Amino acid sequence: MIGVVANGVEYSTVVEFFELFKTPWEFWRPGARYDVLLCSNSVAPENDARLLLLYGAQRQAFEQCRGTKTWSVHGHDFVSFRGERMPIYGNCLLFDDQGNKVLCHEGTKSAAAISMASGTQAVVRLGFDLFEEVRYLFTLGQPAEFADIPTLELHISLLRELILSWGLPLVEILPVPAGHRFIVCLTHDVDHPRVRYHKCDRTMFGFLYRALVGSVINFCRGRRSLRQVAVNWKAALSLPLVFAGLAKDFWNQLDRYLNLERDLASTFFVIPIKGDAGVDSHGRTRANRASPYASADIADDLKKLLSANSEIAVHGIDAWRDSAKGGDERERIQEITGAGDIGVRMHWLYFNSQAPLTLEKAGFGYDSTVGYNETIGYRAGTAQVFKQPNVDHLLELPLHIMDTALFYPSYMNLSDEQAGAAMLPLIENATRFGGVLTINWHDRSLGPERLWGDAYVTLLDDLRARTPWFATAAQAISWFRKRRSAVIESVIREGDSVRVKISVDEDKGNFPGLRLRVHKARSTNDRIRPRPEYAEATFNQSSEIDVTLS
Ligand SMILES: [Zn+2]
């Protein structure tokens, strides 16, 4: 059991942190005994915990009593733990104590955390504010240049390693569904379901330029094959026939998506209102953000999706800043789908710190806007579903990979092969940390002139081979709600047998089970070269689970 001493303002962040690192913990109570006492920027109370973790970027009594020299450095810098780099966004306190270094500050090679033994207690002093870092990740999110680092998972990993490397036992419920390594949510923002909705508008002229001229330039740069140039020219020249209804609308790629994902689950975010550009965070209106269609215009597509068991959610216009408008956007889609709990992702990823609360007031069950337009990766530093500190019910499904970020010349501007290489570390991180990898491939991206279908097919093949659980966004959210409802009531160890009592809310969908991991307490000899040693069990309901460590 971990006892936590924190300041009142940190409480909601502490609670959420331990929904992601799901291990027994509580706020410190006088007289209670803990294996680990974690103090965040607070004076450690009298205690006999075997491991005392002192987090904080301010000078504390620990270094004052020992006369350890310290100095402060500004944030947005890296520390490393066993060679793994982790950014710290707030200030960091460094210690003039190389002998007991636990974390290395990259810029100065000084110690950003030190450890010391005093009697039977080990003390680790870490020179940053853990829960301030976590709050920053949840609310502001990482700047794009650090997008590739799953920082929040690294904070959890560091804490887990500190506990295990000091020979303490640990149990946790993994962010991984039973029978799988991770979850994949395939999603599609439906921005341009038909090219015929764009007769003589800016989008059409942009398309013609990119199809006729851009394709040739890209062919000369080796980015397009001759076949692709021919496909784009043919599409451009067929435009009058498409407008006349005499040729297939090549931006309607729904059937191809349904075919590619026939054995998989996926979620389509559909715009409820036509012709409304909404307002950005500076109060400006960008005319080209307005949708040329409303959900009602593609009713046949939506019927097809529903009969294929795909999920339909809201691609919102103003829901992020106005809960009344959000309620209206939600109702328009709910009238079509009949779903009780419905999610949202904002068009152009419009968002701010108040948006989660506004979306919750508008009646949404989850949001999937927290990601980047310009790059791929972890805005909130995690692949886990999480709850923003200021809301009660709304969960956030972070968005990790968007096709437009990979391929737009003004963003990452990658070739198909480079895009595959850029996505690979995210897939490998999902295999290592679990969670859910959320991908957004836009509706028209398979058609001319984008022709991003080959990259998508390669991605699906790679993912399929790793046998994740392909879930709709709502299913992934439900699975994480089930995990959040799980409580480890007690852990009783007798030698190598461990009995864990768990309570969990009843499973309403037929979802994969939860995974309990019981770590073996490492002997101190393993500290230098730790070997992972644990046993696992899966469960679906409240149970007493016996695990044998051998
Ligand atoms: Zn959009």
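Not measured: the values here are computed from a predicted model. For ligands, and for the atoms within them, numbers begin at 1 and follow the listed sequence.
Looking at Arg379, its side chain never comes within 3.5 Å of a backbone N or O of Val370 through a donor-acceptor pair. Remark: side-chain polar atoms of Glu133 are not paired, donor with acceptor, to backbone N or O of Leu130 under 3.5 angstrom.
For the Zn ion (ligand 1), the set of nearby N, O or S atoms under 2.8 Å includes none belonging to His442. Residue Asp191: an N/O/S atom is found under 2.8 Å from the Zn ion (ligand 1).
Of the inter-residue distances, the one linking Ile376 atom CD1 with Thr404 atom OG1 reads 11.5 Å to the nearest 0.5 angstrom.
Of all the N, O or S atoms in His347, the one closest to the Zn ion (ligand 1) is ND1.
Using a cutoff of 4.0 Å between basic side-chain nitrogens and carboxylate oxygens, Glu396 and Arg345 are not scored as salt-bridged.
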